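These numbers come from a predicted model, not from an experiment.
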Amino acid sequence: METESEPYVRLASLRQLHQVMADMNTARSLADTLQTVADGVVQALGYELACVNLVRPDGDLVVAAFSGNQAAEALITGRAGSRESWERRLGMGEQWGDLIFIPHTEGWILDDDDVPQWYTDGPAPRFEDEWHPSDRLFAPMYAPGPQGSGNSGELIGVLSVDRPRNGRRPGAWGREALQMYAFQAAIAISNARLRSNMQRALVRLERDQQALRASEESFRQAFEYAPSGMAIAEMGGDQHGRILRTNDALCRLLGRPASAMRRYAFSDLVHPEDIGTLLRTSAEGGRAELRLGRRDGTYVWVSLRNSVVADAADGPRFLLTHVEDIEERKRRELQLAHRASHDSLTGLPNSAELRARLAARLCRRPQSPHAAVADAMDAAYGHPVTDSGGHTFDFGSGADPYGAYDHHVHTVAPGSGRDDGTKGLAVLFCDLDGFKSINDRFGHNAGDAVLIEVARRLGGGVRDGDTVARLGGDEFVILADGLGRADAEDLAVRLRNEIIQPIRAEGRAVRVGASFGIGWAHCGMTADEVLKSADERMYVEKRSRPKQHRRAG
């Protein structure tokens, strides 16, 4: 700019200053804005050197731009000074409006602080207002405040200038020009920072959107092409559990098109016996094994595994359900369970299953008023003990004699009379007569054929719901509930008559007889006690008939 004594400003200088202002506000980046600010001080305000010190996020000030001397620019650009040192500089010297002037007579104490500095050489001043090489002039830049005041906002940087071209300290006009320039530079830097932050935010947003689109596409492909069933269902509200979307694997598993699946909730598809399992399954990370209905009316065993899909604003919104076909595993489990509980030769329930079914019908004995005494007698006697109230306790059996089952229908034995009307749980113990001789004469294959046929005839001679079990060897047991004594005896006669009919075994006809003992189960007995009672009656019946008639019945 022209010297202070000139009464006017040249139009060319105004144009130059206007161009600098325009360049500051149209720079493409924050770095370009900062460099334009430094260059404008040199080009339009008439200083030989200019430095832009920018406040960093940690509070210190870094030399972000330099103009007027390439050597100085290379030396100090990028270096930082502490906020404490800068606060000391801005708090000393002379206040020229918003500017800070530190004359060489005071500035020497700043020579050794940590603020980056460039020392210029020159002759000592000859006049009072002449610029000294060690003079310092700072123009703080503040972010615009609410009312647009130049210094009411936060400090964003400091503009430091050196060596006016006319060699003199700036007068009132020059000071005001530098102050106004710092104000406009602060606005330009703030706007550039805002644009930079917005650009970074837009870049991050675009990256996030690209990542979201990629994630959604990955989820779509993983969902659609998953080898096992997948479904998305409503969570909460009136439509809780309604299926919104299914993949091809689930549609194939249930034989239902996707359009039809959207009309259902899982509760509509689950087997009626498994509704409780579905309801007990927790929504968050819930897991259940149950049966889902196919379109053809059959059911398939599946494993359901739920995951909650939450919305950032509204919380849990959907359930992502993974449906795995476990039909084959369930079939193997049922087969293993059947093998464990059934006789491999005849397919009848085995001894363990028989005892389990029998024990399920028998409650424990009522608690004795002398239970403490009876406990002590357990170890001493190891056999049934009767207390003063007439209650019998078998402490050696391993059963718990105390307490009773809730809501249990007590099993009682019919009276000794044939027509007293009492119905009970009959236990028919069957032992084949003459079976050993078939094994000895014709071999075990023939014996196995006889056992298989006897099992078939016993099964065909009882009612649905009755149990026919193979106890072992040639011994069978029938559990028939709701029979009187006469009914049980009639059943034993019918079954014996079926068994004694000829049986084809190894190409020949053979015959076996059968002895039946009828026992009665009642609460207070163990399963072994019931079977032992029927077994004893069977031997009584076997010994009561002549040997030659046992086979023919």
Side-chain angles (χ1 to χ4, degrees), residues 328 331-358 426-480 488 490-519 527-528 530-532 534-553:
E328 187 60 32
R331 184 180 293 112
R332 290 196 301 269
E333 289 177 357
L334 291 174
Q335 290 173 349
L336 291 174
H338 187 272
R339 291 174 185 173
S341 61
H342 287 71
D343 176 48
S344 60
L345 177 63
T346 64
L348 297 177
N350 60 17
S351 175
E353 178 67 11
L354 170 67
R355 284 173 166 80
R357 295 186 186 185
L358 184 54
V427 181
L428 282 66
F429 199 107
C430 173
D431 181 79
L432 300 183
D433 299 326
F435 176 75
K436 184 177 182 301
S437 62
I438 294 176
N439 265 341
D440 294 341
R441 292 175 60 191
F442 307 119
H444 288 286
N445 288 340
D448 289 347
V450 169
L451 293 175
I452 293 172
E453 178 60 20
V454 169
R456 187 192 67 80
R457 293 180 182 183
L458 289 174
V462 299
R463 304 163 302 174
D464 292 340
D466 292 343
T467 295
V468 178
R470 184 185 177 198
L471 194 60
D474 60 349
E475 295 178 334
F476 298 85
V477 174
I478 297 93
L479 303 182
D490 291 343
L491 176 59
V493 171
R494 290 199 309 272
L495 294 179
R496 181 185 297 114
N497 290 337
E498 286 290 330
I499 292 174
I500 64 176
Q501 300 301 317
I503 298 174
R504 297 294 299 180
E506 294 294 303
R508 57 176 56 85
V510 297
R511 297 180 66 181
V512 291
S515 297
F516 280 86
I518 303 174
D528 286 336
V530 175
L531 294 175
K532 181 179 179 181
D535 184 26
E536 290 174 349
R537 286 177 172 79
M538 182 274 297
Y539 276 108
V540 171
E541 195 271 345
K542 185 187 288 285
R543 288 193 296 268
S544 67
R545 290 185 295 119
K547 185 174 181 180
Q548 62 269 26
H549 297 303
R550 291 176 189 169
R551 183 176 302 178

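Every salt bridge (charged side-chain N to carboxylate O under 4.0 Å, His left out) that Arg355 has, sequence neighbours left out, goes to Asp528. Glu333 is linked by a side-chain contact (heavy atoms from CB on, under 4.5 Å) to Arg329, Lys330, counting only residues two or more places apart in sequence or in another chain. Under the side-chain contact (heavy atoms from CB on, under 4.5 Å) criterion, Ala455 pairs with Thr346, Leu348, Phe476, sequence neighbours left out. Residues passing the salt bridge (charged side-chain N to carboxylate O under 4.0 Å, His left out) test with Asp431 are Lys542, sequence neighbours excluded. With sequence neighbours left out, Asn445 forms a side-chain contact (heavy atoms from CB on, under 4.5 Å) with Glu506. Not counting sequence neighbours, the partners of Leu345 by the side-chain contact (heavy atoms from CB on, under 4.5 Å) test are Asp343, Asp448, Leu451, Ile452, Arg470.
A salt bridge links Arg457 and Glu453; the closest N-O separation between the charged side-chain nitrogens and carboxylate oxygens is under 4.0 Å. The residues Glu498 and Arg494 are annotated as not salt-bridged, no charged nitrogen and carboxylate oxygen being separated by less than 4.0 angstrom.
With a 4.5 Å cut-off on side-chain heavy atoms, Met538 and Phe516 do not count as touching. The shortest side-chain heavy-atom distance between Val462 and Ile478 falls under the 4.5 Å cut-off. The shortest distance between side-chain heavy atoms of Arg357 and Pro349 falls below 4.5 Å. Between Glu475 and Phe429, the closest side-chain pair of non-hydrogen atoms falls below 4.5 Å. Under the 4.5 Å side-chain criterion, counting only non-hydrogen atoms from C-beta, Ile499 is in contact with Leu458.
When all heavy atoms of Gly447 and Asn439 are compared, the closest pair comes out as CA-OD1, 3.2 Å. Here the shortest heavy-atom pairing between Ile518 and Ala492 reads CD1-CB, 4.3 Å. The minimum heavy-atom distance linking Ala505 with Val450 is given by the pair CB-CG2, 4.3 Å. In terms of heavy-atom proximity, Ile438 sits nearest to Ala446 at CG2-CB, 4.3 Å.
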**Q.** Test log, rule side chain to side chain contact (heavy atoms under 4.5 Å, CB included), inputs Val427 and Val477
**A.** CA-CA 7 Å; Val427 181; Val477 174; 3.8 Å; yes

Q: Verify salt bridge (Lys or Arg N to Asp or Glu O under 4.0 Å) between Asp535 and Lys532, making sure each step is shown before the conclusion.
A: CA-CA 5 Å; Asp535 184 26; Lys532 181 179 179 181; over 6 Å; no

Q: Evaluate the criterion side chain to side chain contact (heavy atoms under 4.5 Å, CB included) for residue pair Ile500 and Val512; output intermediate values, then yes/no.
A: CA-CA 6 Å; Ile500 64 176; Val512 291; over 6 Å; no

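Here the CG atom belonging to Asn497 is positioned 7.5 Å from the CD atom belonging to Gln501, to the nearest 0.5 angstrom. Atoms CG and CZ, on Asp433 and Arg496 in that order, are 8.5 Å from each other to the nearest 0.5 Å. Here the CG atom belonging to Leu531 is positioned 7.5 Å from the CG atom belonging to Leu479, to the nearest 0.5 angstrom. The distance from atom OG of Ser437 to atom CZ of Phe442, rounded to the nearest 0.5 Å, is 8.0 Å. Residue Gln335 holds its CD atom at 13.0 Å from NE2 of His342, rounded to the nearest 0.5 Å.
His338 contributes no side-chain N or O that, together with a main-chain N or O of Leu334, makes up a donor-acceptor pair within less than 3.5 Å.
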